[in-house]
Protein chains: 2
Amino acid sequence: MARVEASAPGLRADAARNRCAIIEAAGELYGQHGLDTPFDDIARHAGVGNATLYRHFPTRCALLAAVFADTLERVVEAAERALAIRDPWDGFAAHLTFLCNLQATNRGLADLLITAVTGAPEIEQLRKRAYRAFVRLSERAKASGSLRADFTPEDLVLLLMANAGLVHRTGDIAPVASERFITLALDGLRKAAATTGTSPPGAAVMRRAMRKRGQDLGYT
Amino acid sequence: MARVEASAPGLRADAARNRCAIIEAAGELYGQHGLDTPFDDIARHAGVGNATLYRHFPTRCALLAAVFADTLERVVEAAERALAIRDPWDGFAAHLTFLCNLQATNRGLADLLITAVTGAPEIEQLRKRAYRAFVRLSERAKASGSLRADFTPEDLVLLLMANAGLVHRTGDIAPVASERFITLALDGLRKAAATTGTSPPGAAVMRRAMRKRGQDLGYT
DNA sequence: GCAGAACCGGGGACAGCACCCCGCTTCGGG
DNA sequence: CCCGAAGCGGGGTGCTGTCCCCGGTTCTGC
């Protein structure tokens with residue numbers, strides 16, 4: 001809260017209060033219903049008029065950034081904490097599990113992790129940092145011989161996309177469905193399990209898919 | 001085509017022609033854009049007025065049934081063909097691959113395979129038959145010791161839901177993304193790869209998710 | 001406690017989609 | 001060939017979601 005108010009300097013007291021209420025309401029609704037929650041719903045849930053919402057956050061991206069900035073920061077921290085785990089595989093598995101669990105309990109985040117939000121550079125920045133930390137995790141695990149050799153960072157995006165879809169379609173049982181998904185995925189990612197199969201899509205092509213998703217959701 | 005016309009007896013020649021055009025257009029648009037394609041788009045693409053569409057197919061379910069009935073029939077046949085494959089694992093893997101590829105090339109089918117369409121009993125019937133054939137495939141593979149012991153039919157639904165989400169989010173590169181997904185999934189499904197992890201959600205709970213998805217898409 | 005600026009929010013214009021109505025066209029049996 | 005009926009399709013209504021406008025309200029420095 002203090003963070004939020006600090007990020008809105010020179011604002012009248014009531015305006016700051018409203019801003020805060022909006023961010024809280026948006027966080028809640030995004031978590032429950034996903035990033036395509038209607039703006040008017042958020043305004044109503046925050047107890048303000050929709051005009052107030054549009055004044056504080058002229059674009060969907062602006063609201064998104066305000067809502068998810070510190071959550072993403074915590075994701076980065078979690079990745080760094082996973083790097084501190086002694087066993088490379090355990091660190092890798094722990095973080096992948098963490099990410100999927102996050103998706104299962106927050107639909108908005110589920111989409112955000114695999115969507116390029118070009119209109120919110122700070123979010124992009126944070127996602128990139130989280131991504132880089134994950135790359136380190138996966139390289140460490142690969143070097144130790146526990147992660148399959150053909151794993152690439154695009155596989156993470158792919159798995160998160162799949163898990164996001166699963167979360168979306170399973171509704172309230174998303175946590176248990178997602179948990180099972182992680183079990184199967186991790187079992188398929190161990191080096192011992194790897195067969196010579198298809199390799200993942202290229203990075204450029206995957207980035208394009210993430211950008212397209214952003215456009216589809218209205219986050220230019 | 002002959003099949004389609006045969007399924008519309010006692011219809012004036014022009015009406016039969018329109019009906020056919022609608023089914024073809026719907027199949028194409030459903031395949032490209034998913035089951036939530038606007039009705040008016042389908043009518044325009046078929047070159048008829050929307051009233052004509054509504055007259056021939058009073059509900060979304062009716063159109064769905066007309067469009068996907070024989071495709072689903074082919075899915076059942078494919079499952080039975082997979083049962084004829086000597087090696088139990090190969091049969092299982094071949095059919096799972098077949099299903100995921102189908103999803104990757106047809107967005108509508110991607111959703112249909114994991115959605116309960118209560119308003120179209122014949123579709124439900126066919127899905128159930130395809131499902132039962134898959135259960136036989138998986139039991140045979142499990143008995144042979146190649147498929148992980150904790151596999152349940154709900155895992156199929158779970159994987160198809162995940163793959164549907166992946167297909168949805170990867171757009172035109174869905175085929176290659178889906179192919180990689182299958183590689184990882186199959187590697188995680190082999191008995192040798194299995195660790196003691198979380199078990200899949202129950203059947204009842206999974207059915208409920210499929211029904212809910214049908215309601216969300218407007219297919220009561 | 002007051003003046004003026006900052007802020008609020010109900011309601012309206014506009015767009016997309018579902019679904020229907022009714023005057024006109026076209027088919028096809030006799 | 002011709003007429004009755006089956007069939008057609010262009011609007012039309014209702015609903016939902018986005019985004020803006022403007023009359024009224026509330027805060028804050030003095």
Side-chain angles (χ1 to χ4, degrees), chain A residues 4-5 7-26 29-30 32-64 66-67 108 111 117 119 214-220, chain B residues 4-5 7-26 29-30 32-64 66-67 108 117 119-120 214-220:
Chain A
V4 171
E5 287 177 16
S7 76
L11 219 56
R12 234 169 63 174
D14 56 343
R17 216 178 313 126
N18 279 336
R19 188 189 155 88
C20 195
I22 289 170
I23 291 176
E24 198 167 339
L29 292 187
Y30 278 164
Q32 287 170 21
H33 306 297
L35 298 185
D36 52 357
T37 305
F39 253 39
D40 284 18
D41 282 7
I42 294 171
R44 200 170 325 114
H45 197 252
V48 303
N50 58 5
T52 302
L53 199 168
Y54 280 104
R55 193 171 320 108
H56 280 292
F57 305 100
T59 70
R60 302 177 87 73
C61 294
L63 179 57
L64 201 70
V67 168
D111 267 339
V117 186
Q215 285 169 6
D216 288 353
L217 286 172
Y219 292 94
T220 30
Chain B
V4 170
E5 286 175 18
S7 74
L11 219 55
R12 236 170 62 175
D14 54 345
R17 216 178 313 125
N18 280 337
R19 189 190 154 88
C20 195
I22 289 169
I23 292 176
E24 197 167 339
L29 293 187
Y30 278 165
Q32 287 170 18
H33 306 297
L35 298 185
D36 53 356
T37 305
F39 252 40
D40 285 18
D41 282 8
I42 294 171
R44 201 169 327 117
H45 197 250
V48 304
N50 58 6
T52 303
L53 200 168
Y54 279 103
R55 193 171 321 106
H56 281 290
F57 305 100
T59 70
R60 305 177 84 74
C61 294
L63 179 56
L64 201 70
V67 169
V117 187
Q215 286 170 3
D216 288 353
L217 286 172
Y219 291 94
T220 32

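All chains are named by letter (A, B, ...) in the order of the sequence lines, taking the proteins before the strands, and each is independently numbered beginning at 1. None of the values given here were measured: they were computed from a predicted structure.
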When rounded to whole Å, the CG to P distance for the pair Leu35(A) and dT18(D) reads 13 Å

Over all strands shown, is Arg44(A) touching base, sugar-phosphate only, or nothing at heavy-atom distances under 4.0 angstrom?
nothing

Asp14(B) meets the salt bridge (Lys or Arg N to Asp or Glu O under 4.0 Å) criterion, sequence neighbours left out, with Arg12(B)

The answer to which of Asp40(B) and Ala15(B) contacts DNA chain D further toward the 5' end, by nearest nucleotide, is Ala15(B)

### Query
Tell me, do Leu63(A) and Ile42(A) make a side-chain contact under 4.5 Å, heavy atoms counted?
yes

- Task: Answer yes or no: is there a side-chain heavy-atom contact under 4.5 Å between Thr59(B) and Leu64(B)?
- Result: no

>> Is any side-chain heavy atom of Tyr30(A) closer than 4.5 Å to one of Asp111(A)?
In response: no

Protein heavy-atom contacts under 4.0 Å, written 5' to 3' over nucleotides 25-30 of chain D as B (base), S (sugar-phosphate only) or - (none), form the string -BBS--

Once hydrogens and angles are ignored, does a donor-acceptor distance under 3.5 Å link the base of dC8(D) to the side chain of Asn50(B)?
no

One would report the end-axis bend of the helix from dG1(C)-dC30(D) to dG30(C)-dC1(D), five pairs per end and rounded to 10 degrees, as 10°

Residues at least two apart in sequence or cross-chain that pass side-chain hydrogen bond (donor to acceptor under 3.5 Å, both in side chains) with Asp216(A), listed by chain then number, are Lys212(A)

Min and max contacting nt of DNA chain C in 5' to 3' order, chain B heavy atoms within under 4.0 angstrom, are dC17(C) to dG28(C)

Expected list for residues 51-59 of chain A near DNA chain D, using heavy atoms below 4.0 Å, is Ala51(A), Tyr54(A)

